[in-house]
Amino acid sequence: MNRIYIFNTLTGRKEPFEPLEKNRVKMYVCGPTVYDDVHIGHARTFIFFDFVRKFLEYVGYDVRYVLNITDVDDKIIRAARERGISSLDYAEEYTRRFLEDYLALKLRPPDVFPRVTKHIEEIIDFIQKLIDKNFAYTAPDGVYYRVKAFKGYGKLSKRSLEEMLVGARVEVSEGKKDPLDFALWKAKKKEEDVCWSSPWGSGRPGWHIECSVMSMKYLGEQFDIHGGGSDLIFPHHENEIAQSEALTGKVPARYWIHVGMLQISGEKMSKSLGNIIKIRDILRRYSPEVVKFYVLNTHYRKPVDYTEESLEEAKKTLDIVVRAYDALGTLISSGDYKHSFRITDEEMNILYSIRGTKDRVLDALSDDFNTREALKELMRLSKDVYQAIVDDKIKSLTVAFQLREFIGDLSNLFGILEEKPISEEHEILARVIEEILKLREEFRKVKNWEVADAIRAALNRAGIHVDDTRRGPVWRIIR
RNA sequence: GGCGGGGUGGCAGAGGGGCUAUGCGACGGGCUGCAGACCCGUUGAGCCGGGUUCGAGUCCCGGCCCCGCCUCCA
């Protein structure tokens, strides 16, 4: 197994990855607050961590993956009020919509999708323990975390308490004893419609506590990877560490991974600029595979600037892989390779190149998940393969099969190929098309171009693209 | 102001002291009935100023500029 290196925000360095348990990885990622539909920036984070999970599994780890949903918060309450429905109904609706989007992206659901509103009792217990340990105190408007009681505060975001105070626009709140303190429990305000009873009166959880509680519940006091967008480093993850470590004496997660922000044409995505791009709108125009390729084609820590053209370009580039994969499928199902079991030298070379590609891909991915570099290798191989097909250098069924399997497996790791098993239907379709193309060849032989072109055009209308190459027509399904 | 990440060819975007990144594009040519695909070639780069070195996009120092976070934020 390759050693994996991960850039850890906590230490500010790339470090060798060693999970707590030998072959197991426990990973917690901060999901959305469901006050609106998820956008392309959220999608970047989810796509990336879905990939991390698959990659870790690919190299042999057993991964337990938790992605939380925050379904109670100020913004939800406000938005619900504007719509005139209850906060819980509102959150329910957007939770459902989030799950729809998640599945539409063809991401594998995590092992657990914990929701804050389903963990209120545990949250209350957790807060009580922090009060008992004197890391928290009650006030008329809720319960606050005593930041100065936790000496490691600031270690994740690399800032000192003084820095945070200078020029910081810290929220003033009547019950706070120190401006740096943050709410663990917010007492119900009269205009708010969602609350639970607690030893400190009715109210609701503060923003950061749910992640401490839910990660501990599902992954234990200490787990391997904690992820999220880089905007969560401060204060969310900083506070999460403060909460959890105060209780257990341990940093909750050993490796903190943060995904860079996505901008829209050079500007921050924000409600006020009105440039939020919802993932469901993108998926109306591009396949989930293209979106995933687009996201993984940039290193996860780099900021990405989303533009209209960028997805179009991603689509074109991804097509290099799709084309090779489909052409191999066509070769296999078309049947004119069944005879050949001898492997030529040229084919041997191609098979060898699989090996090299695989090594380079694993090396790239092991180096802080360099998906860009890995995809480059996949593209390079795909180009070579397609070229070999066009040059009629692939003669044997076994070679075609191995190449297809390799490209398919690798693409699956990234989730960038639509699943298209070679089914019986596919084989029948292939035979039909082959027969049609044979007829067309007859017309071409006698230079009846009108009929030949008409056939080609007809197939194109039916979604079959035909290329006339040196080895004869190569067709594939376009979408 | 503090913290973090950057500045690479027309665009996107890697690597990271000497070895073609890659993709999109542009230009010329080949193949081809046409279209497409494919092939060959050309084009074109490293923010600025110093330094280290036989040699620097790549390391060091100093600038300049951009972006993010520091407030709800994936």
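No hydrogens, no waters, no symmetry mates; every other heavy atom, side chains included, goes into these values. Sequence lines set the chain letters: A, B, ... in the order given, protein chains first and strands last, and positions in each chain run from 1.
Nucleotide B/G46 forms no Watson-Crick or G-U wobble pair with any nucleotide shown, as no partner meets the under 3.5 Å limit on both distances. B/C69 is paired with B/G2 under the criterion used here, namely a Watson-Crick or G-U wobble arrangement in which both key atom distances are under 3.5 Å. The partner of B/C11, taking Watson-Crick or G-U wobble pairs whose two distances both stay under 3.5 Å, is B/G23. Nucleotide B/A35 forms no Watson-Crick or G-U wobble pair with any nucleotide shown, as no partner meets the under 3.5 Å limit on both distances. Here B/U53 sits opposite no nucleotide as a Watson-Crick or G-U wobble pair (both hydrogen-bonding atom distances under 3.5 Å).
Comment: A/R96 engages A/E100 in a salt bridge, judged by a side-chain N to carboxylate O separation of less than 4.0 angstrom. With respect to A/K54 and A/D50, a salt bridge is recorded, a charged nitrogen being found less than 4.0 Å from a carboxylate O.
The base of B/A14 does not come close enough to the side chain of A/K376 for any donor and acceptor atom to sit less than 3.5 Å apart. No hydrogens or angles were tested; on distance alone, a donor-acceptor pair under 3.5 Å links the side chain of A/E313 to the base of B/G23.
The list of salt bridge (Lys or Arg N to Asp or Glu O under 4.0 Å) pairs with a residue in residues 442-451 of chain A, not counting sequence neighbours, reads A/E441-A/R444, A/E442-A/K445, A/R444-A/D468.
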(request) Applying side-chain hydrogen bond (donor to acceptor under 3.5 Å, both in side chains), run through A/E312 and A/Y286 and close with a yes or a no. (result) CA-CA 9 Å; A/E312 204 50 51; A/Y286 294 94; 2.6 Å; yes

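The side chain of A/R372 lies closest to B/A21 when the candidates are B/A74, B/A21, B/G25. With B/C3, B/A14, B/A74 as the choices, the nucleotide that has an atom nearest any side-chain atom of A/N370 turns out to be B/A14. Distances from the side chain of A/L232 to the nucleotides B/C3, B/A74, B/A14 place B/A74 closest.
Across the protein-nucleic acid pair, A/N297 atom CG and B/G15 atom P stand 12 Å apart, rounded to whole Å.
Here A/S157 does not reach the OP1 or OP2 of B/C69: none of its side-chain N or O atoms lies under 4.0 Å away. For B/A74, one of the phosphate oxygens OP1 or OP2 lies less than 4.0 angstrom from a side-chain nitrogen or oxygen of A/Y35.
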(request) Would you give a per-nucleotide map of nucleotides 31-43 of chain B, 5' to 3', where B means the base has a protein non-hydrogen atom under 4.0 Å away, S means only the sugar-phosphate does, and - means neither? (result) S-BBBBSSS----

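A 6.0 Å sphere centred on NZ of A/K106 holds more than 12 heavy atoms belonging to other residues, nucleotides or ligands.
Residue contacts shown for A/F46 are absent, as no nucleic acid heavy atom lies under 4.0 Å away.
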